[in-house]
Amino acid sequence: MSSSRRWLRWVIAGGAAVIVLAVGVPFVFFHFVEGGTPAPLSLKASSSATAAASSAPAGATTSPAGPVTGTWRVGAGSQVGYRVQEILFGQHHTAVGRSSQVTGTMVISGSEVRAASFTVPMSSIHSDSGQRDAQFDGRIMDVTAYPHGTFTLTRPISLDPLPAAGTVRAYTATGDLTLHGHTQRVTFTLTAQRTATAIKVAGSIPVTFARWGIPNPSFTGFVTTQNHGVLEFLLTLSKS
């Protein structure tokens, strides 16, 4: 075989090896090294509430024991974060970052949420990748210039009729979401659940990056992301 043909075979073999590595290495990393992507933050109805609901007469409602009127404060077990779809060398992956350092209060009067406000330090949001976090803290969210993300309810939420303890019910919330120094009005669906000692609230808010002046997280030649993501939250509130 001539030297030119041998050279061609080596070039083809080398190109194939590069392709295999480019596809295979990210696949192995995402699926075997990094592990599974955390599930979305959500609520599940308790088994006792489900059993009670199935045995109740049609159209019947049951209020939880104890009044809900008062101020409820965010406590342990609360989380806020992001979820963004990204592509690394052809491999689809969901990037998830979360923080447990969320604070805030919710005020209920009778069967209506009259006010609510929540804050999270942006630098406390971390993913499973130090490189991703560095990009998030720097060029994407610029946490030094814009250290906090906030949400403030702007329209009361009716809870009437109050659901039974353990029951998960959906509500519509409207408020001002501030990210990256920009405030935008948002309307979204959340779910809430009353337990013996707390109220749990979960939901997600679609975030189109340009709307809040956030640079697209894509990193040229390395990671490509969509032009939007999701802010997700799971809050556990206890009465003050």
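From a predicted model like this one, the values you see are computed outputs, not experimental measurements.
The two residues Gln193 and Gly166 come nearest to each other via the heavy atoms NE2-O, 2.9 Å. Between Gly110 and Thr69, the closest heavy-atom pair is N-OG1, 2.8 Å. Minimum interatomic distance between Ser99 and Ile125 (heavy atoms only, all atoms of both residues): CB-CG1, 3.7 Å. Residues Ser124 and Val120 approach most closely at OG-CG2, 4.0 Å, considering heavy atoms. Shown here for Gly149 and Leu179, the closest heavy-atom pair between the two residues is CA-CD2, 4.2 Å. Nearest approach of Ser238 to Ala198, heavy atoms of both residues: OG-CB, 4.4 Å.
A heavy-atom distance below 4.5 Å is not found between the side chains of Val80 and Leu41. No side-chain heavy atom of Ser78 sits under 4.5 Å from any side-chain heavy atom of Phe233. The shortest distance between side-chain heavy atoms of Gln79 and Glu232 does not fall below 4.5 Å. Within the 4.5 Å cutoff, side-chain heavy atoms of Lys239 are placed close to those of Pro67. You'll find the side chain of Arg139 reaches within 4.5 Å of the side chain of Gln135, heavy atoms only. At least one side-chain heavy atom of Trp212 sits under 4.5 Å from a side-chain heavy atom of Leu177. The side-chain heavy atoms of Tyr146 and Met122, taken from C-beta on, include no pair separated by under 4.5 Å. Using a 4.5 Å heavy-atom threshold, the side chains of Pro217 and Glu86 count as separate.
Side chain of His180 to backbone of Gly213: a donor-acceptor contact under 3.5 angstrom is found. Side-chain N or O atoms of Arg211 include none that pairs as donor or acceptor with a backbone N or O of His182 at under 3.5 Å.
For the residue pair Thr225 and Ser218, a side-chain donor N or O sits within less than 3.5 Å of a side-chain acceptor on the partner.
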Distance-only donor-acceptor pairs under 3.5 Å for side chains of residues 150-164, two or more places apart:
from: Thr154; atom 1: OG1; to: Thr174; atom 2: O; distance (Å): 3.3
from: Ser158; atom 1: OG; to: Asp160; atom 2: N; distance (Å): 3.4

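Note on Phe118: it clusters hydrophobically with Val143, by side-chain heavy-atom contacts below 4.5 Å among ILVMFWY residues. By the rule that hydrophobic residues join a cluster once side-chain heavy atoms approach within less than 4.5 Å of another member, Val230 and Leu43 end up as members of separate clusters. Residue Leu235 is grouped with residue Tyr82 when hydrophobic side chains (ILVMFWY) are merged at heavy-atom distances under 4.5 angstrom, including chains of intermediate members.
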Step-by-step side chain to side chain contact (heavy atoms under 4.5 Å, CB included) determination, Arg83 to Arg98: CA-CA 9 Å; Arg83 181 174 294 267; Arg98 288 179 179 169; 3.3 Å; yes
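Taken to the nearest 0.5 Å, the CG atom of Leu231 stands 8.5 Å off from the CZ atom of Phe188. To the nearest 0.5 Å, atoms OG1 (Thr71) and CG (Leu237) are separated by 11.0 Å. Of the inter-residue distances, the one linking Ser240 atom OG with Trp72 atom CH2 reads 9.5 Å to the nearest 0.5 angstrom. With rounding to the nearest 0.5 Å, the separation of OG1 in Thr191 from NZ in Lys44 is 12.5 Å. We find the CD-OG1 distance between Gln85 and Thr94 to be 3.5 Å, quoted to the nearest 0.5 Å. For the atom pair CZ (Phe209) and CG (Asn227), the distance works out to 7.5 Å, reported to the nearest 0.5 Å.
Residues forming a salt bridge (Lys or Arg N to Asp or Glu O under 4.0 Å) with Arg114 (at least two apart in sequence, or on another chain): Glu112.
None of Val102, Val74, Thr178, Thr103 except one satisfies the side chain to side chain contact (heavy atoms under 4.5 Å, CB included) rule with Thr119; the exception is Thr103.
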